[in-house]
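Not measured: the values here are computed from a predicted model. If you read the sequence from its start, that first residue is 1, and numbering goes on from there.
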Amino acid sequence: MNVSEIAAKAKEASYVLGALPPEAKDRALNAMACALRVHADEILQANQLDLQAAKEAVEAGKMKTALYERLKLTRDKLETVIRGVEEMVELPDPVGQVLSATELDEGLNLYKISCPIGLIGVIFEARPDVVPQIAALTAKSGNAAVLKGGKEAQYTNDALAKVLQNALATVPGYPPYALNLIHSREESAQMLALDQYFDLIIPRGGNSLLAYVKANTKIPVLGHADGVCHIYVARSADVQMAKQICTDAKTQYPSACNTVETLLIDEAWPEPFKKDLLEHLVKHGVELFGGADIAKLAPVSGPVEEWHTEYGEKKLSVKQVKNILEAVEHINRYGSHHTDCILTANHDEVQIFMDLVDSAGVYHNASTRFADGYRYGFGAEVGISTGKTHARGPVGLAGLTIYKYKLYGNGQIVADYVGPDAKPFTHRKLGSK
C-alpha cells in the first residue's frame, strides 16, 4: 500500500481506538512488553547490523559520533524501555477524564472530556527505542500512529515494528493498522501532505528536521528543534553540589537533548570554587570553550564561536556573568527553551530564575538530565515540546490527548434563552454547592 492508503486505514483504526475500554489498551501494552522481551535477541541482532553500517559512516566522516550513540540499543536500554511499557499499565487511563462539568440550566449539563488526538505521524532520527515508546504511548492514549524512522536505524525499526504489530494482532478488538511504519523520504513527504488524515505530526531530531517538517505541512506540529540547556552557578552555590550536578548533566549521556551545553558562573562565586568545578569537569573528560577569563581558571580549547550550540558530546561552553539577571537574559536569548537550571542556596534567586526563564523545564539544584517523560512518571514520552501549545516539556500520555465537549439535554432549544423573556443560564459548576 502507498502512504495515503496506510493513512486512510490508520485513520479508521483511530476511531476504534478512541472507544476501546481501558482493559483492552492495558492488554495491548502487556502483549507488547512480553513480545519485546521474548524477541530481544533478534531485535539486538538487527541493531548490530545498523551499528555496523553506522560505524563505517562515522569513520568516513559521514556521521557524527553523537548520532551513533543515539542509534545504539543495548540489552539494558531495551529492558528499560520494556519496563516503561509495563509501568504504563499502572497509569490511569488518560481518556474519558472529566476535566470540567457545568450545569447550563436544569437538565442541561456540559462536560469537558479528554479524548485521543486521533492519527499521529512521528518522524524521528537514529533512536530506535522511539518505536516501542510511541507504540506504548499511542496504545494507552487511544491514538493510531504512522512512524517514519531514519535509514540509519532501518533494520532495528523494522524488527521492532514487526514484533509490536504481531503482539497487537493477538489482542481481541484491537484494530489493524493502529501502528504503522514507513521508510523513505518520499513516503515522509507524502505523509506531510495528508492533512485530511493526520491530526498531529511529531518530529524528533535536529533543527533541520523540524524546519523541514514545519515548511512542508499544514498539519499541526509538536516538537523541539534542539537542546541548548544551561546551568547557572549563582554566588551562593555549594561547590560540591555544583561539581556533582554539572558533571552528571554533561557526562551522564552527552548526546541527549537534555544535556547541559552552556555553563554560566556568577562572577562573585569564589575563584577557588570556579577552578575546582572546571578542573573537575576537565578531569571527567569535558572539553571547555570560553574566553580569556575562563582560560585563567582551567584549560580551554578555544573561544565560543556561537552561544546557541548543541554539542551533543563532552564539550561545554563556559561564561561568567555579573548576576542572575544577566544569566536569565543570556538563557532566554541563546537557549532553546528546553531545560535550564540554577544552583543556589538563595530562595529569592530561585524564584527570580523560575519565573523569568522562559523554558519548558526550569530546575533548582538538580541535573538537567531529569527532563524526561520516564523520570517524570509519564511511563515514556513522544518527545520534548518547547513550544506553547497544549503540551510542553516531556510529552507523555496527557500530551497525546485533547478534549471534546459533551452536552446532555432534555429537549432544550436556544430560542428559549434569547429575547425579552429569555430564560437565564445557571452556569453552576457541577459538584459544587
Side-chain angles (χ1 to χ4, degrees), residues 29 33 36 66-67 69-74 76-91 94 120 122 124-138 140-141 202-206 210 222-231 244-262 310-314 335-343 354 357 359-387 389-401:
L29 290 168
L36 288 170
L67 194 64
E69 291 299 322
R70 288 187 180 128
L71 175 62
K72 192 182 296 181
L73 187 63
T74 64
D76 287 344
K77 195 172 183 179
L78 181 58
E79 181 59 30
T80 298
V81 171
I82 294 170
R83 288 200 302 270
V85 176
E86 291 173 332
E87 290 171 7
M88 211 173 294
V89 175
E90 305 302 321
L91 296 176
I120 299 172
V122 184
F124 59 99
E125 298 173 340
R127 296 181 59 172
D129 53 320
V130 167
V131 176
Q133 288 176 349
I134 300 295
L137 284 163
T138 51
K140 184 76 173 185
S141 59
I202 302 176
R204 290 191 62 169
L210 183 66
L222 183 151
H224 79 282
D226 47 15
V228 183
C229 302
H230 296 74
I231 291 180
Q244 185 173 352
I245 289 175
C246 293
T247 302
D248 179 85
K250 182 70 259 186
T251 68
Q252 198 273 332
Y253 188 12
S255 62
C257 63
N258 54 18
T259 294
V260 65
E261 302 290 8
T262 299
E310 182 178 14
Y311 294 109
E313 51 188 320
K314 289 186 178 182
S336 58
H337 309 287
H338 190 298
T339 305
D340 300 288
C341 168
I342 182 173
L343 306 182
M354 293 284 193
V357 171
S359 296
V362 192
Y363 292 6
H364 170 223
N365 289 353
S367 171
T368 56
R369 290 281 291 120
F370 280 105
D372 176 82
Y374 178 76
R375 296 185 183 108
Y376 278 15
F378 298 165
E381 65 179 44
V382 294
I384 304 284
S385 173
T386 54
T389 57
H390 78 290
R392 200 177 187 202
V395 180
L397 291 173
L400 293 181
T401 62

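The two atoms that bring Pro128 and Leu73 nearest to each other are CG-CB, 4.4 Å, heavy atoms only. Annotation for His338 and Cys229: closest pair ND1-SG, 3.8 Å, computed over non-hydrogen atoms. Smallest separation of non-hydrogen atoms from Ser359 and Arg392: C-NH2, 3.7 Å. The two atoms that bring Glu310 and Cys257 nearest to each other are OE2-CA, 3.8 Å, heavy atoms only. Nearest heavy atoms, Pro394 versus Glu381: CB-OE1, 3.5 Å. Among all heavy-atom pairs drawn from Leu137 and Ser141, the shortest one is O-OG, 2.7 Å.
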- Message: Assess the residue pair Phe370 and Asn258 against the criterion (side chain to side chain contact (heavy atoms under 4.5 Å, CB included)); give the C-alpha distance rounded to whole Å, side-chain angles, the decisive distance to 0.1 Å, and a yes or no.
- Response: CA-CA 8 Å; Phe370 280 105; Asn258 54 18; over 6 Å; no

- Go through the steps to decide whether His390 and Leu222 satisfy the test side chain to side chain contact (heavy atoms under 4.5 Å, CB included), and finish with yes or no. CA-CA 9 Å; His390 78 290; Leu222 183 151; 3.8 Å; yes

- Message: Determine whether Cys341 and Val260 satisfy the following criterion, side chain to side chain contact (heavy atoms under 4.5 Å, CB included), listing intermediate values before the conclusion.
- Response: CA-CA 9 Å; Cys341 168; Val260 65; over 6 Å; no

- Query: Passes side chain to side chain contact (heavy atoms under 4.5 Å, CB included), Thr259 versus Lys250? Steps please.
  - Reply: CA-CA 5 Å; Thr259 294; Lys250 182 70 259 186; 3.5 Å; yes

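No donor-acceptor distance shorter than 3.5 angstrom exists from the side chain of Thr339 to the backbone of Thr368, with no hydrogens or angles considered. Within the 3.5 Å criterion, the main-chain N or O of Gln244 finds no donor-acceptor partner in the side chain of Thr247. A donor-acceptor contact shorter than 3.5 Å is absent between the side chain of Lys140 and the backbone of Leu397. Listed for the Arg369 side chain is no donor-acceptor partner under 3.5 Å among the backbone atoms of Ala256.
Proximity of Tyr374 to Glu87: side-chain heavy atoms (C-beta onward) are separated by under 4.5 Å at one or more points. Inter-residue side-chain proximity for Ile134 and Leu400 is flagged as unmet; no heavy-atom pair is nearer than 4.5 Å. A heavy-atom distance below 4.5 Å is not found between the side chains of Phe378 and Leu91. Side-chain atoms of Val122 and Val382, non-hydrogen and from C-beta on, never get closer than 4.5 Å to each other.
Between the CD1 atom of Ile231 and the CD1 atom of Ile245 there is a distance of 7.0 Å, given to the nearest 0.5 Å. Residue Glu90 holds its CD atom at 10.5 Å from CG of Leu29, rounded to the nearest 0.5 Å. Rounded to the nearest 0.5 Å, atoms NE2 (His230) and CD (Glu261) are 9.5 Å apart.
Applying the 6.0 Å contact sphere to CD of Glu79 captures more than 12 heavy atoms from other residues, nucleotides or ligands. Atom OH of Tyr253 is surrounded by more than 12 heavy atoms from other residues, nucleotides or ligands within 6.0 Å.
Ile82 pairs in a side-chain contact (heavy atoms from CB on, under 4.5 Å) with only one of the listed residues (Val85, Leu78, Thr80), which is Leu78.
Salt-bridge annotation for Glu69 and Lys72: present, with a side-chain N of the basic residue lying under 4.0 Å from a carboxylate O of the acidic one.
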